[in-house]
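First the structure, in the form of structure tokens, and then the observations on it.
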Amino acid sequence: MAFRKAVKGTLIGGGAIATAFGLSQFFEYRRNQARLAYVEAEGQMKMPFEDKLPTRQEQLATLQNTPEFDVLVVGGGATGAGCALDAVTRNLKTALVERSDFSSGTSSRSTKLIHGGVRYLQKAIMKLDYEQYMMVKEALHERANLLEIAPHLSAPLPIMLPVYKWWQLPYYWAGIKMYDLVAGSHCLKSSYVLSKSKALELFPMLKKDKLVGAIVYYDGQHNDSRMNLAIALAAARYGAAIANYTEVVRLLKMTDSATGKERVCGARCRDVTTGQEFDVRAKCVINATGPFTDSLRKMDNQETANICQPSAGVHIVIPGYYSPDNMGLLDPATSDGRVIFFLPWEKMTIAGTTDTPTDVTAHPIPMEEDINFILSEVRNYLSPDVEVRRGDVLAAWSGIRPLVTDPNSKDTQSICRNHVVSISNTGLVTIAGGKWTTYRSMAEETLDAAIKEHKLPAGPSRTMGLMLEGGKDWTPTLYIRLVQDYGLENEVAQHLAATYGGRAFEVAKMAQVTGKRWPIVGKRLVSEFPYIESEVIYAIKEYACTAIDVIARRTRLGFLNVQAADEALPRIVKIMAKQLDWSEQKKKEELEAAKTFLYQEMGYKARSEQLTKTTEISLTPQEVARYKKRFYKFDKESKGFITTLDVQHVLERLSIQIDENALHEILNEVDLNKNGQVELDEFLQLMSAVQRGQISDSRLAILMKTAEESLDLRGPVSVDRSGGGV
């Protein structure tokens, strides 16, 4: 019965969509013809700063000294940066201000997918919803464009949909094939069906019980914050004046002499780093502030109703061994009806997302219940042989999705599935909602509306097919030249090519000599990741102002492993201090701010709470005795606690050298009351949490275990950090 209903719904919906599909092909043809003209026009566009970007100070000077811009964009996320690029390539005098860093909000906290939305297409078919169908089609069109204009930052990714009931196989197959059909000429690769054995061969971690087969389809994946930055930097190279850490204090207004009406004519801005305030005047102001949309709308008119309905989406990062290197997983129906993606990313595995109503905040925190929900859903799809442990969570973050209601709609309470472009009575143009994938088309629509409303002298959009920062000179083999020309490690060279594209050579030129036979240049910030010290220097050229900018958005270290990011922070701050002439006080403030960021926003807090909440020591008497014996090998005086000196004395007996600062960090991870020592109870709590899988690969636990074994056997001790979880 369920099978007949599913097939019937698919066929009826499919017939209606097929009709719409035929009509939409005509519009696609016209878009493709226009695209050829735009790509040809790219060669005619001037790029004033192709060789060297203006510094942030030069950008601020331009903002302050320009009498009037055509367009001022407020917001440096994907949509705001897209608006700036669209405007400046139409030869409009363009400015962009962002109160924090570029991509500091939702745009850096996505699922890292460039996709049309399989679930949206399912709803479009089942509900005969043409608007939703066109949203998917537009997203698939933009997906193809994004993969083309930033090939170094994006790539197609196969995603497996495991099937555990026979009747679901034709149902899901029909839906995924429709997804391919809607993509048309922009289909990345054709989807296909796998047998049970082949599915397990490609995804060996998958749960075998009751598995009947799988369907594999293709979507895109990208490095979201770097993509956002590539858009912003491209706008800067074409001549837009862009500045991060520049906050809008209030909107400027004037009375239109022709109509007598009040109109927005710019903004009073404040440089967050210095506190200096200045006016930026513009014929048109665009509000592209994501979750903070209503804040700027209320600056324009206090009486205006809110349109943003924020929703929090939490993601977690776990070790790469949880998924194949090049195959994602889609859970189409979780226990509460949500969709969970399980994807390889940056040699780790990312899982998410949740969808929970939330308050708007600049510093969203991942909640423990959301982390556990994702882990629970992941366990449902993985083999019982694979123990999914809470302690394996290396990082976790929450992003706020700015769902919106349409202020122009009669039903202002219903959430708009797509984006909304609205213009206030004073001429403030607002773009809100939408998806990462469709940032370009959203920007194009926004500028079209702004040009019409403010009668700006500009032609059509020229961003279709326009290469982003680093994309133009990138090739799949570029990393080989980096290895050969500069003596970089292969992994580091691949990372630089995939992060900076054609600009990777600029980073390589800055790399310091290692003093080793190999690699010749490129000192890593931490041993497990390919990020090197010269990237910190280059990040400043890309307008990084804080250590958080480097660990979160120029590199992705904070999103991949908070312990590794915490370990790299002192070196990052030292390099930035030298480049930016920071005082000792400033260095201390930067270090503390970055540690707070990791603790609150990247999941370190959740890790520490795992130990804090473990008040009961669930160990057998035999286990307690064994761990006490281990503890007292370090606490020779039976004080009931151990310090770094105690650990150093044991390691000296074994001829092992560990940096004192590193040793302090190792003990601090377990020192719950932060008194500089680890008590016996704290150690037993740690071992109990390790036993239950709440914490994995604790550095102190590994160090003490191996030291104990070496004291008994007098063998070598390995104390390398193994990348423990949060």
Side-chain angles (χ1 to χ4, degrees), residues 314 316-319 321-322 351 365-376 378-379 382 386-396 561-567 598-600 602-635 640-644 646-647 663-709 719-726:
V314 171
I316 64 172
V317 168
I318 52 182
Y321 55 69
Y322 274 103
I365 298 172
M367 305 306 291
E368 186 62 27
E369 52 265 35
D370 290 322
I371 294 172
N372 286 324
F373 167 78
I374 296 171
L375 288 172
S376 176
V378 167
R379 289 186 189 103
L382 295 188
V386 180
E387 184 185 358
V388 182
R389 303 176 297 183
R390 172 62 183 83
D392 284 335
V393 178
L394 303 173
N561 189 317
V562 292
Q563 284 192 359
D566 186 60
E567 190 177 300
L598 292 174
Y599 181 75
Q600 295 286 351
M602 289 292 113
Y604 228 157
K605 179 182 180 183
R607 176 214 178 257
S608 64
E609 287 177 348
Q610 288 299 301
L611 264 183
T612 304
K613 291 174 181 175
T614 314
T615 51
E616 294 183 10
I617 300 171
S618 55
L619 297 169
T620 66
Q622 292 83 359
E623 288 170 335
V624 170
R626 185 168 82 247
Y627 293 135
K628 279 186 174 180
K629 179 184 175 185
R630 182 177 301 170
F631 184 85
Y632 286 120
K633 284 187 181 291
F634 289 79
D635 181 19
F641 62 86
I642 58 173
T643 65
T644 53
D646 295 319
V647 178
L663 205 52
H664 274 291
E665 286 181 10
I666 290 171
L667 263 68
N668 191 53
E669 291 171 7
V670 187
D671 180 13
L672 301 180
N673 52 18
K674 304 304 176 189
N675 61 358
Q677 56 197 31
V678 175
E679 282 91 4
L680 175 60
D681 281 352
E682 288 176 326
F683 178 68
L684 293 177
Q685 283 178 304
L686 168 67
M687 299 314 300
S688 181
V690 169
Q691 290 272 65
R692 292 203 300 269
Q694 289 177 298
I695 292 175
S696 65
D697 299 334
S698 161
R699 288 191 278 179
L700 183 63
I702 292 171
L703 185 149
M704 292 180 72
K705 179 184 177 183
T706 51
E708 179 188 40
E709 292 170 351
V719 291
D720 289 340
R721 184 168 64 76
S722 58
V726 299

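Quantities reported herein were computed from a predicted structural model and do not represent experimental measurements.
I666 CD1 to E567 CD: the interatomic distance, rounded to the nearest 0.5 Å, is 8.5 Å. Rounding to the nearest 0.5 angstrom, the gap separating the CG atom in L375 from the CG atom in D392 is 9.0 Å. Once rounded to the nearest 0.5 Å, the distance linking CG of L619 with OH of Y627 reads 6.5 Å. Taking CD from E709 and CZ from R630, the interatomic distance works out to 7.5 Å, rounded to the nearest 0.5 Å. For the atom pair CG (N561) and CG (L394), the distance works out to 5.0 Å, reported to the nearest 0.5 Å. Here the NZ-CG distance, from K628 to L684, works out to 7.0 Å after rounding to the nearest 0.5 Å.
Side chain of N372 to main chain of E369: no donor-acceptor pair is present (N/O by atom type, distance under 3.5 Å, no hydrogens or angles).
In plain terms, the two heavy atoms of V393 and I318 that are nearest each other are CA-CG2, 4.0 Å. Among all heavy-atom pairs drawn from A701 and M687, the shortest one is CB-SD, 3.9 Å. For T706 against L703, the heavy-atom pair with the smallest separation is OG1-O, 3.0 Å. Taking all atoms of both residues into account, the shortest heavy-atom contact from A351 to I374 is CB-CG2, 3.7 Å. The minimum heavy-atom distance between A396 and P366, with the atom names listed, is O-CG, 3.5 Å. The shortest non-hydrogen separation linking Y322 to L382 is CD2-CD1, 3.9 Å.
Within 6.0 Å of NZ on K633 lie more than 12 heavy atoms contributed by other residues, nucleotides or ligands.
Using a 4.0 Å cut-off between charged side-chain N and carboxylate O, R626 and E708 make no salt bridge.
Using cut-offs of 30° and 60° on the angle between ring planes, the pair F631 and F683 is tilted.
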Check against side-chain contact (heavy atoms from CB on, under 4.5 Å), Y632 and L680 = CA-CA 9 Å; Y632 286 120; L680 175 60; 3.7 Å; yes
